[in-house]
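One structure is given here, and the rest of the page talks about it.
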Amino acid sequence: DEGQITAAIKAAAQTGNPDLLYRFAETLRSRHEAKHTIKLNWFYPCILTVLAYFLFVNSLAPLVRDNQILIAQWPDAVVSASVWIENWWWLPPCIATAFIAAVSPLLKRQGLSSTLSHSLFYSTLASQLDSNVPESQAIHTAALMAGDVELSHTENASFNTPRVLQLLGPVSEQYLTPSASERATAAPETADREDNRLSTITRRAHLRHLAFIYEQKVRQRDKLIHQLLPNAVSFALGFIFILSTACLFIAPIYGQIVQW
């Protein structure tokens, strides 16, 4: 974020407009809130898993071990797991703790998502062009904002640079270059000026359109990761725990009672 904050301040200084800096501050705030929301939404599935494991170790496994002779319908896997967990109950928590400790640093070092990076590039570049910032300078600032190392190290980048064309998509050429008929209808002395004006208009329109599309993708991705996925996992875990308890522990007891 340090390089992007510097780029946002630089872009605001170049244009004299603090809107870009404000939007980037909102992006950082949203990312911070998203991380907090993710932790809260994943808290319930984690607690549910811990309680289920605690219930198995302290109640269900002893029930199976103490009644193996009395209840003959326990599944073999349930009996083996109950016997194993008596001596090795501490191993699964240790494995889970080690996994979380290994994954946590990787999650903390994770940068911007590709979707958010593209959105920042398009919106920053469009804002720079709106303020008549030179093309190469505007692309460099937008690359820094997006965290695009390759493009930020490209000297004198333009809209014909391969990396820029790649970011703008396969239809970029028809938006970024005036057609031959448009050039032919312009007077010779005003052709170059008209080409530049039309190019600037079409570029800004195309960039605004791409920025809008990727902003929508960012919102959809955040909704999926922050809300739908944790809720789906919570529902699935709860359903699995209830179903497994009913089928593997309660059903054998009920079946044995019926036989008696």
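The figures here come from the full heavy-atom set of this structure, side chains too, leaving out hydrogens, waters and symmetry mates. Bear in mind that the values here come from a model prediction, so they are computed numbers and not experimental data.
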List the steps and the verdict of side chain to side chain contact (heavy atoms under 4.5 Å, CB included) for Phe121 and Leu210. CA-CA 10 Å; Phe121 177 81; Leu210 291 174; over 6 Å; no
Would you please test Phe159 and Leu125 for side chain to side chain contact (heavy atoms under 4.5 Å, CB included) and show each step? CA-CA 11 Å; Phe159 281 94; Leu125 187 53; 3.9 Å; yes
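Between Asn41 atom CG and Ile225 atom CD1 the span is 11.5 Å, to the nearest 0.5 Å. Interatomic distance, Leu167 CG to Leu207 CG, rounded to the nearest 0.5 Å: 10.5 Å. One finds the CD1 atom of Ile240 at 6.0 Å from the CG atom of Leu237 (value rounded to the nearest 0.5 Å). Between atom CG of residue Leu144 and atom CG of residue Leu120 there is a gap of 12.0 Å, rounded to the nearest 0.5 Å. Interatomic distance, Ile100 CD1 to Cys46 SG, rounded to the nearest 0.5 Å: 6.5 Å. Distance check: Ile47 CD1 to Ser234 OG gives 11.5 Å after rounding to the nearest 0.5 Å.
Legend: ring-ring contact (aromatic ring centres under 6.0 Å, His included) pairs involving residues 52-80, not counting sequence neighbours: none detected. Judged as a salt bridge (charged side-chain N to carboxylate O under 4.0 Å, His left out), not a single pair has a partner in residues 36-47 (not counting sequence neighbours). Here side-chain hydrogen bond (donor to acceptor under 3.5 Å, both in side chains) pairs that include residues 120-129, with residues two or more places apart or in two chains, are Arg23-Ser127. Residue pairs meeting the ring-ring contact (aromatic ring centres under 6.0 Å, His included) criterion with at least one partner in residues 215-247, sequence neighbours excluded, do not occur; the list is empty. Applying the salt bridge (charged side-chain N to carboxylate O under 4.0 Å, His left out) rule to pairs touching residues 226-239 yields nothing, sequence neighbours excluded.
Every residue two or more places apart in sequence or in another chain that forms a salt bridge (Lys or Arg N to Asp or Glu O under 4.0 Å) with Arg163 is listed here: Asp148. Scored by the side chain to side chain contact (heavy atoms under 4.5 Å, CB included) test, Val218 finds Thr115, Leu116, Asp222 as partners (sequence neighbours excluded). Contacts of Leu248 classified as side chain to side chain contact (heavy atoms under 4.5 Å, CB included), with partners at least two apart in sequence or in another chain: Pro75, Val78, Ser244. For Leu229, the side chain to side chain contact (heavy atoms under 4.5 Å, CB included) partners at least two apart in sequence or on another chain are Trp42, Val233. Residues satisfying the side chain to side chain contact (heavy atoms under 4.5 Å, CB included) criterion with Pro62, sequence neighbours excluded, are Arg65, Asp66. With sequence neighbours left out, Glu135 forms a salt bridge (Lys or Arg N to Asp or Glu O under 4.0 Å) with Arg203.
Taking every heavy atom of both residues into account, Leu165 and Asn160 meet most closely at CD1-O, 3.8 Å. Of all non-hydrogen atoms in Ala146 and Ser117, the two that sit nearest each other are O-OG, 2.5 Å. For the pair Gly238 and Leu48, the tightest heavy-atom approach, listed with the atom from each and the gap, is N-CD2, 3.6 Å.
Side-chain contact between Leu91 and Trp84: present, with at least one pair of heavy atoms (C-beta onward) separated by less than 4.5 Å. For the pair Thr154/Val164, no side-chain contact is recorded, criterion being any heavy-atom separation below 4.5 Å from C-beta on. Taking the side chain as every heavy atom from C-beta outward, Ile253 and Leu63 approach each other to under 4.5 Å. Looking only at side-chain heavy atoms (C-beta outward), Gln68 and Val83 come within less than 4.5 Å of each other.
Hydrophobic clustering of Ile, Leu, Val, Met, Phe, Trp and Tyr side chains at less than 4.5 Å, counting indirect connections, keeps Trp88 apart from Val50. With hydrophobic clusters built from ILVMFWY side chains whose heavy atoms lie under 4.5 angstrom apart, Ile9 shares a cluster with Met145. Put simply, Leu55 and Ile85 are part of the same group of oily side chains (I, L, V, M, F, W, Y) that touch within less than 4.5 Å, one to the next. Transitive grouping of hydrophobic side chains (ILVMFWY, heavy atoms separated by less than 4.5 Å) brings Val64 and Leu60 into a common cluster. Cluster membership for Ile95 and Val57, using ILVMFWY side-chain heavy atoms within less than 4.5 angstrom, is shared.
At distances below 3.5 Å, not a single donor-acceptor pair connects side-chain atoms of Thr161 with backbone N or O atoms of Ala157. Checking side-chain atoms of Ser152 against main-chain N and O of Val149 turns up a donor-acceptor pair under 3.5 Å. In terms of modelled atom types and a separation under 3.5 Å, the side chain of His118 and the main chain of Tyr214 share no donor-acceptor contact.
Counted within 6.0 Å of CG on Asn87, heavy atoms from surrounding residues, nucleotides or ligands total more than 12; the atom is thus considered enclosed.
The other residues sharing a hydrophobic cluster with Leu228 are Leu224, where clustering joins ILVMFWY side chains under 4.5 Å apart.
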